[in-house]
Engineer: 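Following this message is one structure expressed as structure tokens.
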Amino acid sequence: MKRSLLTALACTGILTLATSGAAATVRPESAPRSEAAARTEAILRTGAATCDSKPPDQPLATGLSTIKQAYDCIFTGFYGRERLDHRAVLAAGFAGLTEELNRRGADRPDATMPPLTGNPTTDLVAFAAVYERVVADLPDDAALRQAVAGATIKGMVGSLHDNHSQWRRRAQLPGKPGDVYGLGFTTSPGYSITYRAPQKAVAPLFVNTVQGGPAAAARIRPGEIVQSVNGAPVFVDGVLSSGAMNLLNPEYSGDRPDPVRLALRDPSTGRVRKTTLRPKVFTPTTRPVTARLLDGDVAAIKLANFQPGTADQALAAIAELRADKKPRGLILDLRGTNGGSPAEVVKLLSSFVHGKVHSYDCAPDDTCTPNRTDDAVPLLGLPLAVLIDGICASACDAFSLAIKDLKVGPLIGARTSGMVSGSARMFALDDGSTLSLPAAYQVGANRELINGIGVAPDHYLPLTAKDLREGHDPAMAKALSLLSAAR
């Protein structure tokens with residue numbers, strides 16, 4: 001009977017030390033030992049006892065120990081681990097390795113996937129031995145070695161087909177806390193769609209917000225349509241180009257800080273202009289939470305994300321508006337809002353409704369744990385309307401679904417992204433990179449699955465590039481109308 005990979009690795013000492021305190025020896029059951037094989041075994045044997053580790057002070061080169069650590073994490077922390085075939089994960093990692101070698105003109109005749117026996121222990125060692133041999137014979141190029149190691153991990157993680165499973169390596173950047181690195185603007189569709197589900201993106205690609213930095217200096221304006229990046233179209237056969245989006249989002253993609261050439265079209269006039277931006281570190285001019293009064297007595301709160309502290313900032317902004325005038329309603333604008341902390345979702349949601357189950361976290365056997373509102377949070381007692389769009393992802397997906405299922409208020413705009421497989425735990429790897437893996441999958445209060453599907457609005461009024469460029473907002477107007485009718 002086939003054992004689970006976790007059990008097999010634990011028994012053989014790959015994940016843990018032997019009970020005597022000495023490290024278990026891991027070696028293929030056949031094939032003579034060599035110096036390279038011994039070195040490979042040593043890396044596997046001396047890897048972290050668990051997949052998590054203390055991050056180094058500075059990022060280190062990604063190598064076999066990091067690959068092994070990520071592999072262990074998948075079979076320790078991923079909610080679907082019991083259904084995974086370790087051979088498929090290893091094969092996906094090797095495919096990532098060879099694709100990167102080929103892309104860089106460094107493919108090798110001996111870069112061939114070793115035969116896999118079905119035994120998790122020997123298969124891991126065989127994979128590692130070939131990896132070490134291939135990498136040892138590569139040119140002495142740190143960037144090349146880093147790229148193939150990263151591609152190997154990304155291949156393994158990609159085999160999970162899960163939008164909250166991600167390996168990320170971010171460089172140490174100069175600047176002060178709160179600074180960011182990039183071109184200084186966000187787009188609709190957003191980058192989360194690109195690496196998770198590019199087929200969901202709908203043309204055109206346009207500037208959503210200008211955060212500052214290079215984009216502000218070049219006078220990039222919300223609503224401008226990105227026609228091309230470095231001369232290449234952003235949509236190819238109706239599918240958003242990952243290459244173009246990587247260039248627009250170097251803070252996530254890790255691409256080199258080369259200048260990016262843009263062709264931008266004004267949707268109002270049809271005029272096309274060209275500009276070149278170079279990624280840099282800058283202080284954003286946008287804020288996590290903004291508040292204003294509309295029509296004199298409707299509070300409008302816009303959230304950039306659900307990061308820690310966002311709910312308190314939003315509630316404080318509402319209290320400040322109420323100190324001057326009693327609002328007759330509240331519009332919560334979640335358009336362009338990406339993910340964040342489940343705790344922030346619960347806190348903000350609980351200011352509108354008490355005594356409810358708002359979602360469930362489920363194990364692979366469909367055993368589900370209810371997530372409840374926090375009834376210690378004071379209720380606001382305000383009629384609510386929520387604006388959503390296709391960038392609203394993860395925590396924003398979850399919040400929007402709870403609002404709809406619990407009938408707290410109408411959703412207005414466009415369907416959310418559906419990027420909400422489950423709340424992810426972040427593991428620190430030995431090179432300073434991180435691996436995010438959800439320990440459970442999430443369903444709504446009515447036990448419906450929205451991952452990959454999204455949350456449909458009650459009133460479909462998407463914000464177009466032309467609307468944004470000309471200052472029109474049909475969804476906001478609809479929210480004001482509904483709140484007026486509710487008086």
Side-chain angles (χ1 to χ4, degrees), residues 79 160-166 186-206 208 235 238-240 242 245 302-306 331-342 344-346 348-349 358-362 368 371 384-424 436 438 440-465 467 474-476 478-479:
Y79 69 82
L160 306 181
H161 303 292
D162 178 84
N163 56 50
H164 270 54
S165 296
Q166 182 183 13
T186 65
T187 60
S188 178
Y191 184 69
S192 61
I193 291 289
T194 309
Y195 70 84
R196 290 169 173 168
Q199 74 281 358
K200 294 170 71 71
V202 177
L205 180 76
F206 59 90
N208 187 53
F235 277 87
V239 178
L240 187 59
S242 60
M245 292 296 282
K302 183 170 181 58
L303 269 64
N305 52 51
F306 279 90
I331 299 172
L332 194 58
D333 190 350
L334 301 183
R335 294 173 299 182
T337 301
N338 50 31
S341 167
E344 299 301 308
V345 171
V346 174
L348 189 58
L349 176 68
H358 60 83
S359 63
Y360 294 86
D361 288 334
C362 301
C368 299
N371 298 313
L384 175 68
V386 180
L387 309 185
I388 57 174
D389 66 0
I391 308 178
C392 173
S394 191
C396 187
D397 275 308
F399 182 89
S400 302
L401 181 61
I403 292 292
K404 185 167 188 172
D405 279 354
L406 302 180
K407 303 185 186 312
V408 178
L411 300 179
I412 308 164
R415 183 180 292 270
T416 65
S417 70
M419 302 297 168
V420 58
S421 68
S423 178
S436 300
Y441 69 92
Q442 189 174 95
V443 296
N446 296 333
R447 294 182 182 265
E448 73 274 44
L449 186 69
I450 61 165
N451 185 42
I453 299 167
V455 183
D458 300 299
H459 304 275
Y460 181 71
L461 289 165
L463 187 64
T464 67
D467 288 335
M476 186 68 77
K478 182 66 174 180

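Side chains are part of it too, since the values below use all heavy atoms of this structure and drop only hydrogens, waters and symmetry mates.
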Engineer: Check Ala424 against His164 and note the closest heavy-atom contact, atom names and distance.
Structural biologist: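 Between these two residues, the closest heavy atoms are CB-O, 3.7 Å.
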
Engineer: If I take atom OH from residue Tyr460 and atom CG from residue Leu411, how far apart are they, to the nearest 0.5 angstrom?
Structural biologist: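 Result: 14.5 Å between the selected atoms.
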
Engineer: Quick check for you: to the nearest 0.5 Å, what is the distance between Glu344 atom CD and Cys396 atom SG?
Structural biologist: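 These two atoms lie 13.5 Å from each other.
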
Engineer: Below 4.5 Å, heavy atoms only, C-beta onward: do Ile453 and Glu448 meet side chain to side chain?
Structural biologist: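 When only atoms from C-beta onward are counted, Glu448 and Ile453 do not touch, as no gap falls below 4.5 Å.
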
Engineer: Any donor and acceptor pair, going by atom type alone, linking the side chain of Asp405 with main-chain N or O of Ala445 inside 3.5 Å?
Structural biologist: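 Checked: pair present.
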
Engineer: Restricting to non-hydrogen atoms, name the atom on Gly444 and the atom on Tyr360 that form the minimum distance, rounded to 0.1 Å.
Structural biologist: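 The pair with the smallest heavy-atom distance is O-CD1, 3.4 Å.
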
Engineer: Which residue, Ser423, Pro342, Ser359, forms the side chain to side chain contact (heavy atoms under 4.5 Å, CB included) with Asn371?
Structural biologist: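 For Asn371, the side chain to side chain contact (heavy atoms under 4.5 Å, CB included) test succeeds with only one of Ser423, Pro342, Ser359, which is Ser359.
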
Engineer: Please report the interatomic distance NE2(His459) to CD1(Ile388), rounded to the nearest 0.5 Å.
Structural biologist: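 Here the interatomic distance stands at 11.0 Å.
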
Engineer: Can you confirm whether Asp389 sits close enough to Pro462 that some side-chain heavy atom of one is under 4.5 Å from a side-chain heavy atom of the other?
Structural biologist: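 When only atoms from C-beta onward are counted, Pro462 and Asp389 do not touch, as no gap falls below 4.5 Å.
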
Engineer: Kindly give the heavy-atom pair with the smallest separation between Ala475 and Leu387, and that separation in Å.
Structural biologist: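 Taking Ala475 first and Leu387 second, the nearest heavy atoms are O-CD2, 3.8 Å.
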
Engineer: Taking the side chain as C-beta and beyond, is there a heavy-atom pair between Phe399 and Thr416 under 4.5 Å?
Structural biologist: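 Phe399 does not reach Thr416 side chain to side chain.
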
Engineer: Do Asp397 and Gln442 make a side-chain contact, defined as non-hydrogen atoms from C-beta onward lying under 4.5 Å apart?
Structural biologist: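 In short, these two side chains do not touch, never coming nearer than 4.5 Å.
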
Engineer: Given side chains that start at C-beta, do those of Leu348 and Leu332 come closer than 4.5 Å, heavy atoms only?
Structural biologist: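 Leu348 reaches Leu332 side chain to side chain.
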
Engineer: Quick one: pull up CG in Asn208 and CD1 in Ile391 and give me the separation to the nearest 0.5 Å.
Structural biologist: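 Output value for this atom pair is 4.0 Å.
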
Engineer: For the pair Asn338 and Ser394, evaluate side chain to side chain donor-acceptor pair (under 3.5 Å) and give the outcome as yes or no after the intermediate values.
Structural biologist: CA-CA 7 Å; Asn338 50 31; Ser394 191; over 6 Å; no

Engineer: If I compare all heavy atoms of Ala479 with all of Ile331, which pair ends up nearest, and what's the gap?
Structural biologist: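 Scanning both residues completely, I find the closest heavy atoms to be CB-CD1, 3.7 Å.
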
Engineer: To the nearest 0.5 Å, tell me how far Lys200 NZ sits from Leu240 CG.
Structural biologist: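 These two atoms lie 13.0 Å from each other.
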
Engineer: Within the 3.5 Å criterion, strictly below it, is a donor on Ser421 or Asn451 matched to an acceptor on the partner's side chain?
Structural biologist: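 No, no side-chain donor-acceptor contact under 3.5 Å.
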
Engineer: Taking the side chain as C-beta and beyond, is there a heavy-atom pair between Tyr441 and Cys362 under 4.5 Å?
Structural biologist: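 When only atoms from C-beta onward are counted, Cys362 and Tyr441 do touch, with a gap below 4.5 Å.
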
Engineer: Looking at Lys404 and Ala456, would you say the former's side chain and the latter's main chain have a donor-acceptor pair under 3.5 Å?
Structural biologist: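 Side chain of Lys404 to backbone of Ala456, a donor-acceptor pair under 3.5 Å: yes, one is there.
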
Engineer: Quick check: closest heavy atoms across Gly454 and Arg415, and the distance to 0.1 Å?
Structural biologist: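 Nearest heavy atoms, Gly454 then Arg415: O-NH1, 3.5 Å.
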
Engineer: Any chance you could lay out the side chain to side chain contact (heavy atoms under 4.5 Å, CB included) test for Met476 and Arg335, step after step, and finish with the verdict?
Structural biologist: CA-CA 11 Å; Met476 186 68 77; Arg335 294 173 299 182; 4.2 Å; yes

Engineer: I'd like to know if the side chain of Lys478 reaches the main chain of Gly413, judged simply by a donor and an acceptor atom lying under 3.5 Å from each other, with no hydrogens or angles considered.
Structural biologist: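 No; judged by distance alone, with no hydrogens or angles, the pair does not exist.
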
Engineer: Ignoring hydrogens, what is the shortest heavy-atom contact between Ala201 and Phe235? Give both atom names and the distance.
Structural biologist: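 Of all heavy-atom pairs spanning Ala201 and Phe235, the closest is O-CE2, 3.9 Å.
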
Engineer: Roughly how far apart are Asn163 CG and Ser436 OG, rounded to 0.5 Å?
Structural biologist: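 Atom-to-atom, Asn163:CG and Ser436:OG are 12.0 Å apart.
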
